[in-house]
Every structure is written in structure tokens, then in C-alpha cells.
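Just so you know, ligand 1 is whichever comes first in the structure, and atom 1 is the first atom listed for that ligand. Fair warning: this is a prediction, and the values are worked out from it, not measured in the lab. One is the number of the first residue; the rest follow in order along the sequence.
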Amino acid sequence: MRTASVAVIGGGIIGASVAYHLARRGWRDVLLLDRSRTPGEGSTGKATGGFRAQYATPINVQLSLISRDKLRCFQEETGYDPGYLQAGYLWLASSQGELDVLRAAQLVQHRHGLAEATEVSPDDIGRLTPAVRLDEVIGGTFCPTDGFIRPLNLLEGYLAAAHRLGVVSEWQVKVTGLSRSPDGRVSSVQTSRGTVQVAAVVNAAGPWAAEVATWAGEDLPVTALRRQVAVTVPSEILPATMPMTIFASDGFHLRVRDGRILLLWPTPGVPGRPFDTRVDDDWIQAVVAKARQRVPKVGGLAIDRAACWAGLYEVSPDKHAILGPAPACPNLFFVNGCSGHGVMHAPALGQLLAELMSDGAAATLDVAPLRPTRFAEGRLNPVSELL
Ligand SMILES: Cc1cc2nc3c(=O)[nH]c(=O)nc-3n(C[C@H](O)[C@H](O)[C@H](O)COP(=O)(O)OP(=O)(O)OC[C@H]3O[C@@H](n4cnc5c(N)ncnc54)[C@H](O)[C@@H]3O)c2cc1C
């Protein structure tokens with residue numbers, strides 16, 4: 001029978017980062033399996049490429065700061081440009097309550113090393129994004145080192161660097177089951193190309209991770225949630241360096257990417273069909289109406305219907321990642337549930353999981369807030385993230 005030291009299920013940005021970091025720590029015979037034809041067909045290829053450290057909990061701020069350090073040396077490390085553009089993230093408040101939430105988050109950010117995040121007045125906002133109508137805006141927060149990254153460059157970079165260190169990745173291989181030995185450990189992985197005997201397994205299956213966990217009898221609370229993106233026709237009315245601009249009231253946000261403007265607004269998804277990734281015409285109309293009201297220049301642009309897309313977030317109950325060994329299966333490792341932050345946190349999470357699997361604990365950061373057992377313990381992280 002074929003063998004591997006560790007099988008990584010899923011070759012999106014999370015699986016690629018984990019495989020690379022394991023190999024860098026000396027793991028040999030790392031096998032990465034993905035059912036897609038080519039890399040990037042899962043959520044990673046659907047991400048818009050935002051990067052921020054402006055979060056509301058210490059662990060999310062810290063994950064971003066670790067990732068940010070790693071983005072700065074990514075090219076040197078992998079040979080690929082992560083496309084890190086420090087255009088900033090600008091959060092806009094339309095009520096005192098929203099401003100209080102942003103201020104509370106900023107206190108957490110300052111306490112955990114994000115000194116450059118500041119509160120901004122309507123005048124500052126007018127200078128940062130002159131296109132935004134200010135009549136409903138009373139203030140906001142801004143961080144100049146937030147901005148943008150290129151999800152597929154990161155994915156390709158980690159895969160290429162992993163391959164150089166001996167990782168084998170196989171595409172069009174569907175994983176269909178896991179077998180456990182009497183002591184509860186996973187002993188083998190069943191795939192569409194046969195069985196692989198393994199010493200450990202990493203579940204990096206993105207929005208599909210809950211199914212993988214059930215094969216080991218584990219209940220992993222990760223659900224898929226559709227996110228739609230409306231794309232304008234090519235336009236130069238806004239600069240590429242405009243910050244990601246987010247209305248705290250309802251999560252409507254916009255950015256410029258490759259000469260087009262992307263409009264986003266989170267909605268609950270298709271009832272009863274969590275994996276449905278159709279783009280609704282009604283949703284496009286609604287998001288354009290928001291743009292027209294808040295950024296009139298943009299609202300007047302035509303939408304390129306064929307360029308609009310939708311993908312899946314992989315959401316955990318407290319919107320924080322789930323990292324560590326499965327509660328009843330010590331050699332099955334979860335790195336799931338990033339809740340829409342998986343590209344930006346993948347550099348940190350890959351490193352932290354490699355530390356955990358190699359040494360029994362992560363040395364770079366205390367990852368206890370992300371432990372898989374927190375749900376059964378009833379000790380969730382506060383769900384305070386606005387997006
Ligand atoms: C519209 C949109 C915008 C987003 N914007 C951002 C953003 O700005 N910044 C950010 O950080 N994040 C963003 N995200 C979230 C981000 O895309 C995800 O958090 C991230 O890509 C998750 O990576 P992953 O590797 O876990 O999942 P994926 O990329 O989905 O990879 C999982 C892989 O597992 C494979 N797989 C699943 N089951 C099996 C099986 N049984 N056998 C074999 N292979 C299997 C799949 O084929 C897939 O390739 C966005 C997401 C969407 C949808």
C-alpha cells in the first residue's frame with residue numbers, strides 16, 4: 001500500500017501553506033491531495049484579496065501581524081510576489097453605536113501591536129476616499145498597512161516552494177474516506193486513486209471540511225456561506241490605491257482591482273442550498289443601489305454581468321479559525337473555519353500548524369483561542385467581527 005507521513009486534504013491556500021511549512025520544518029513524504037483539475041478552483045480563487053489587521057479580537061490581530069511579517073519576505077522565501085499593496089482599510093461609521101464598535105476594536109489593535117491604526121474624521125475620510133458621499137458618515141477608522149494581496153500568487157508561491165522541498169501534490173484526486181485504528185488514530189486515507197497509509201492527516205478542505213471530519217466521526221462546525229461579487233466594466237474613475245472602504249452599518253464595501261470596481265455586500269446565502277454559488281440578479285440590483293447612494297460615481301457605472309462571481313466562505317460558529325488536533329482523533333488536524341479571512345491568515349496558520357504538529361505546541365503564538373474543543377466547552381470567542 002502507498003504511504004505518506006502526512007496527507008493534506010485540500011490544496012487551496014490553507015493546504016498549500018501547511019504543506020510548505022511542514023516541509024520546511026523537515027517533514028518528508030508530505031502528500032497534498034485535491035479533487036480540482038488545477039489549483040485555485042476552491043474558495044481561494046474566488047477571494048477578492050483583502051488584507052487587514054484591523055480586527056476586534058487579539059487572536060485575529062495577532063494572526064494578521066504574523067501573516068504580514070511573512071508577506072514581507074514571501075518573495076524571498078518562495079520566489080513569488082504576493083502583491084501586498086498597502087492601500088489601507090477604511091471603516092466608516094454612520095452612527096455612534098458603530099463608531100463605538102470600531103473604537104473598541106481599535107483599542108484591541110493598539111494593545112496588540114497595530115500602532116498605526118487611527119480614528120479618522122469625516123474630513124480625513126474625504127481626503128482618503130473623495131468619491132464617498134459623507135452625509136451619512138460620522139467618522140471611522142483607518143490602517144495604512146492594511147490593503148491588498150494576490151490570492152493566486154500566494155497559492156502558487158506556497159505550492160512551488162513546497163514542491164522544491166519534496167512535497168508531492170496530486171490533482172483530480174478525490175478523498176472519499178478515512179480509516180481509524182482501534183486506538184482512534186487515523187491510519188489511512190481512501191481516495192479515488194486508492195488507499196494511502198498515513199501517520200497524520202490535515203483537513204484543509206475549506207468549505208467542505210465538515211464532511212471530511214465526519215469520516216473520522218468528528219463534528220466540525222464549519223458551514224459554507226455564499227459571498228457574491230458585482231464587477232463593473234473597466235473604469236479609471238477610482239485609483240487602484242483607494243483603500244478598501246467598508247460601511248460598518250451593513251458591510252457594503254468596495255475596492256478597485258485590475259481596473260474594475262468590485263462591489264460586495266454580505267447576505268445570508270441561499271436557504272437550504274449552502275453550496276449554491278449562483279449570482280442573483282436581485283442582489284446585483286440591490287448592491288448597485290447601495291453604491292449609487294453612497295459612492296454616486298460608481299453607482300453610475302455599468303455592471304459586467306459575465307464578470308460577476310460568487311464563492312463560499314467557510315464559517316465557524318464564532319467566525320474564528322479552528323486550529324489543532326481533532327478532539328477524539330489526535331493525528332487528524334483541523335485548520336478550518338477562517339470565516340472569510342483564510343487567504344490573509346494562511347501564512348500564519350500554516351506556520352502555526354506546522355509548529356503544533358512538529359512540537360506538540362505552537363511557539364510563535366498561543367493558539368488556545370482557536371482550539372477545536374472550544375465549541376464542546378461552550379467557550380467561544382466573541383463574535384464581534386463586522387465582516
Ligand atoms: C467572494 C469571496 C471573497 C473573499 N475575500 C477574501 C479576502 O479578501 N481576504 C481573505 O483573506 N479571504 C477572503 N475570502 C475567503 C477565502 O477565500 C477563504 O477563507 C480561503 O480561500 C480558504 O482557503 P482554503 O484553502 O481553506 O479553501 P479552498 O481554497 O476552498 O481549498 C479547499 C480545497 O479542498 C478541496 N477539497 C475539498 N474536499 C475535498 C475532497 N473530498 N477531496 C479532495 N479535495 C477536496 C477543494 O477542491 C479545494 O481546492 C473570500 C472568499 C470569497 C468567496
Side-chain angles (χ1 to χ4, degrees), residues 7-19 31-53 55 60 63-64 67 71 82 89 146-152 154-155 158-159 169-178 189-193 201-215 222 224-231 244 246 253 255 257 262-267 269 275 277 279 308-316 319 321-323 334-350 387:
V8 178
I9 304 174
I13 187 64
I14 295 284
S17 174
V18 169
L31 178 63
L32 180 147
L33 300 168
D34 199 297
R35 63 188 173 196
S36 307
R37 273 174 302 119
T38 50
E41 289 178 20
S43 293
T44 302
K46 305 291 192 296
T48 52
F51 175 85
R52 65 175 157 121
Y55 279 100
N60 274 343
L63 288 175
S64 291
S67 279
L71 287 173
Y89 257 59
D146 288 351
F148 305 118
I149 48 180
R150 295 267 172 191
L152 291 177
L154 284 164
L155 175 58
Y158 273 139
L159 286 174
S169 62
E170 295 186 2
W171 305 90
Q172 299 186 70
V173 181
K174 187 173 176 167
V175 179
T176 54
L178 301 172
V189 173
Q190 281 87 53
T191 83
S192 52
R193 286 197 207 152
V201 171
V202 173
N203 181 354
W208 303 275
E211 186 194 8
V212 170
T214 60
W215 299 330
V222 171
L225 176 63
R226 181 183 61 170
R227 280 285 172 264
Q228 305 175 83
V229 186
V231 184
M244 178 79 94
I246 307 168
H253 56 290
R255 66 160 292 195
R257 191 174 91 171
L262 309 185
L263 306 175
L264 292 100
W265 168 50
T267 47
F275 293 94
T277 52
V279 179
C308 299
W309 79 86
L312 299 171
Y313 272 18
E314 66 297 5
V315 182
S316 78
K319 294 193 179 173
I322 301 171
L323 182 76
F334 293 152
V335 51
N336 306 113
C338 292
S339 306
H341 315 139
V343 176
M344 64 182 101
H345 284 165
L349 292 172
L387 259 194

Contact (N/O only, under 3.5 Å) between A47 and ligand 1: no

L159 versus A16, closest heavy-atom pair with distance: CD2-CB, 3.8 Å

Any V173 heavy atom less than 4.0 Å to ligand 1: yes

Minimal non-hydrogen separation, P82 against L71, with atom names: CG-O, 3.6 Å

Options S43, S67, A205, G340, ranked by nearest heavy atom to atom 13 (C) of ligand 1, top entry: G340

Check: W265 side chain, H253 main-chain N or O, donor-acceptor pair, under 3.5 Å: no

Ligand 1 N/O within reach of V343 N/O, cut-off under 3.5 Å: yes

Heavy-atom donor-acceptor pair, R226 side chain to A310 backbone, under 3.5 Å: no

N/O donor-acceptor pair under 3.5 Å between S316 side chain and K319 backbone: yes

Nearest protein heavy atom with distance in Å, relative to atom 27 (O) of ligand 1: G206 CA, 3.5 Å

Geometric N/O contact I13 with ligand 1, under 3.5 angstrom: yes

Whether S43 side chain and L312 backbone form a donor-acceptor pair below 3.5 Å: yes

N or O pair under 3.5 Å between T48 and ligand 1: yes

Check: V175 N/O within less than 3.5 Å of ligand 1 N/O: yes

Ligand 1 contact on L312 by region, counting heavy-atom pairs under 4.0 Å: backbone

N or O pair under 3.5 Å between G342 and ligand 1: yes

Check: V175 and V212 side chains under 4.5 Å, non-hydrogen atoms: no

Proximity to ligand 1 by part of H341, non-hydrogen separation under 4.0 Å: backbone

Atom of R35, atom of K174 and distance for their closest heavy-atom approach: CB-CA, 3.9 Å

Atom 35 (C) of ligand 1 - nearest protein heavy atom and its distance: D34 OD2, 3.3 Å

Enumerated ligand 1 atoms positioned under 4.0 Å from heavy atoms of R227: 1 (C)

Atom 22 (C) of ligand 1 - nearest protein heavy atom and its distance: E314 OE2, 3.4 Å

Cation-pi, Y55 ring and R52 (6.0 angstrom, 45 degrees): yes

Nearest protein heavy atom with distance in Å, relative to atom 34 (O) of ligand 1: G10 CA, 3.3 Å

Under 4.0 Å to a heavy atom of G49 - the qualifying atoms of ligand 1, by number: 7 (C), 8 (O)

Region of P207 that comes within reach of ligand 1 [heavy atoms, distance under 4.0 Å]: side chain

Check: H341 ring centroid to Y313 ring centroid under 6.0 Å: no

Sub-4.0 Å heavy-atom contact, E41 with ligand 1: no

W215 touching ligand 1 at heavy-atom level, < 4.0 angstrom: yes

Atoms of ligand 1, numbered as shown, that sit under 4.0 Å from any heavy atom of M344: 9 (N), 10 (C), 11 (O)

Closest approach of any protein heavy atom to atom 50 (C) of ligand 1, naming residue and atom: Y313 CE1, 3.5 Å

Side-chain donor or acceptor of T44 paired with backbone N/O of I13 under 3.5 Å: yes

Heavy-atom closest pair, residues W171 and P39: CZ2-CG, 3.5 Å

Residue G42 vicinity, atoms of ligand 1 by number, heavy atom under 4.0 Å: 29 (O), 30 (O)

H345: which of S67, S64, S17, S339 passes side-chain hydrogen bond (donor to acceptor under 3.5 Å, both in side chains): S64

For atom 9 (N) of ligand 1, the protein heavy atom that lies nearest, with its residue and separation: G50 O, 3.1 Å

Option from V202, L349, N203 for which side-chain contact (heavy atoms from CB on, under 4.5 Å) with N336 holds: N203

Protein residue, atom and distance nearest to atom 36 (N) of ligand 1, heavy-atom basis: R35 NE, 3.9 Å

Shortest protein heavy-atom distance from atom 29 (O) of ligand 1, along with the residue and atom involved: T44 OG1, 2.6 Å

Contacting atoms of ligand 1, where contact means under 4.0 angstrom from a heavy atom of V229: 1 (C)

Distance filter under 4.0 Å to S36 heavy atoms, resulting ligand 1 atoms: 47 (O), 49 (O)

Exam field: side chain E41 to backbone T38, donor-acceptor pair closer than 3.5 Å: yes

T267 backbone acceptor or donor facing R227 side chain under 3.5 Å: yes

